[in-house]
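These numbers come from a predicted model, not from an experiment. When reading the values below, keep in mind they use all heavy atoms of this one structure, side chains included, and skip hydrogens, waters and symmetry mates. Every chain is numbered from 1 and lettered A, B, ... according to where its sequence line falls, protein lines coming before strand lines.
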Protein chains: 2
Amino acid sequence: MELGAYLPYLVNRVGQRFIGDMTPVLNEAGVDIQSWRVLIALYQRGGQPVGALSDLTSINFSTLSRVLDRMEKRDLVRRRRDAEDARSFTIELTGNGRSVTEKILPYAAELEAQATGDFSEAELATLRQLLGKLYAGLDGDREQPTDDRLAG
Amino acid sequence: MELGAYLPYLVNRVGQRFIGDMTPVLNEAGVDIQSWRVLIALYQRGGQPVGALSDLTSINFSTLSRVLDRMEKRDLVRRRRDAEDARSFTIELTGNGRSVTEKILPYAAELEAQATGDFSEAELATLRQLLGKLYAGLDGDREQPTDDRLAG
DNA sequence: GACCGAAATTTGCACTTGCAAATAATAAAG
DNA sequence: CTTTATTATTTGCAAGTGCAAATTTCGGTC
């Protein structure tokens, strides 16, 4: 086994860099990385129960619960009791949450663009597709349908 | 922007899964994820100063210092003062560290194999290459030479 | 050969994390 | 309608984490 060929290594290395490069922008906006993950998930998928949000963001259940505490304090999200099932909350963006997200998004896009400056459209598409396929091949136990939809 | 097309999202999602799937095996061996990262880095690259190890593993400097404390306690690594420069330590695997690593490696390989079961050799090579390229495109500020060598 | 800025590593501190147990609400059965 | 099993979420606790400051050593300069 060669380190530079070991996929978990290659993947997490890139992931860490994305995080490292995003952090200064997020700090300036007073948002931590986990909150940012939640923000984009909600921004694009709309209100979600905590469980779905945990799947969506890969943030641990209990951790997410406390991330939401922070976010609520900073008026980024709101917990609304589900009318159908009172065990469940729907987490939704506040107006402020939406506006903060929209302020950060351009930087996120720019970072991605910078990282993929040397990529052709075809390469980009391939990379996305292969990452999706890789994800699908991991931990097949979890509910596949949901995950597949996410991968789309 | 679509969530499923956003690279940081796709990458970190896969990374989290790799970690999640590896954790049970690591727990059984009494090793945490960070220690595992250090183990494979040392196993493949040999003794390293803390700084290089931090680059190699993407683990924050101060965090790594304490990860090494844990690892030293569990007799996985040893700190040896550099003869040339007494500010620096060379971190090296102990015999036990090597043997623990070799015990875990097959599972790591199996996990990767399982995740990439549907991949052709060509796809695998492409994925690795594109991840390397993506890494290179990120955070161009850091010392490129070192990073490029690592990406090899 | 004492002085000063820079480099390698560690530590203080306040905050974040994940596991497992607790809470709260629903659903199904008797 | 009480009991019991199940699901959604939160919390107690013991670690783990990152930032910024401290420590130790180096290399050059006066």
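- Separating the CG atom of D32(A) from the C1' atom of dT16(C) is a distance of 9 Å, rounded to the nearest angstrom.
- Put simply, S65(A) has a side-chain N or O that comes within less than 4.0 Å of OP1 or OP2 on dT10(D).
- The distance between atom CG of L56(A) and atom P of dA8(D), rounded to the nearest whole Å, is 16 Å.
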Between the protein and nucleotides 12-15 of chain C, are there any N/O to N/O pairs under 3.5 Å, and if so, what are the atom names and distances?
residue, atom, partner, partner atom, Å
dG12(C), O6, R66(B), NH2, 2.7
dC13(C), N4, R66(B), NH1, 3.4

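- Side chain of E72(B) to backbone of R79(B): a donor-acceptor contact under 3.5 angstrom is found.
- Put simply, L7(B) and F119(A) are part of the same group of oily side chains (I, L, V, M, F, W, Y) that touch within less than 4.5 Å, one to the next.
- Closest-nucleotide positions on DNA chain D for D69(A) and I59(B) were compared, and the one nearer the 5' end corresponds to D69(A).
- When the C1' atom of dT16(C) is taken as reference, atom CE of M71(A) falls 15 Å away, rounded to whole Å.
- We find that CG of L26(B) is positioned 16 Å from C1' of dC19(C), with the value rounded to whole Å.
- Remark: R70(A) engages D32(A) in a salt bridge, criterion side-chain N to carboxylate O under 4.0 Å.
- Enclosure of atom CD in E102(B) by more than 12 non-hydrogen atoms of other residues, nucleotides or ligands within 6.0 angstrom is indicated.
- In this structure, R17(A) satisfies the cation-pi test against Y135(B), with its NZ or CZ atom closer than 6.0 Å to the six-membered ring centre and inside 45 degrees of the ring normal.
- Contacts between residues 78-93 of chain B and DNA chain D, counted as heavy-atom distances below 4.0 Å, involve D85(B), A86(B), R87(B).
- What separates NZ of K73(A) from P of dT10(D) is a distance of 13 Å, to the nearest Å.
- Counting heavy atoms from C-beta outward, I40(B) and W36(B) have side chains that approach closer than 4.5 Å.
- The pair K133(A)-E123(B) meets the salt-bridge criterion, with a side-chain N (NZ, NE, NH1 or NH2) lying under 4.0 Å from an Asp/Glu carboxylate O.
- Distance CG (N60(B)) to P (dT9(C)): 14 Å, rounded to an integer number of Å.
- Under a hydrophobic clustering in which Ile, Leu, Val, Met, Phe, Trp and Tyr are joined whenever their side-chain heavy atoms come within less than 4.5 Å, directly or via other members, L53(B) and F61(B) fall into different clusters.
- Under the 4.5 Å side-chain criterion, counting only non-hydrogen atoms from C-beta, V11(B) is not in contact with Q16(A).
- Between the CD atom of E72(A) and the P atom of dT10(D) there is a distance of 9 Å, given to the nearest Å.
- Going from atom CZ of R37(B) over to atom C1' of dG16(D) covers 13 Å, rounded to whole Å.
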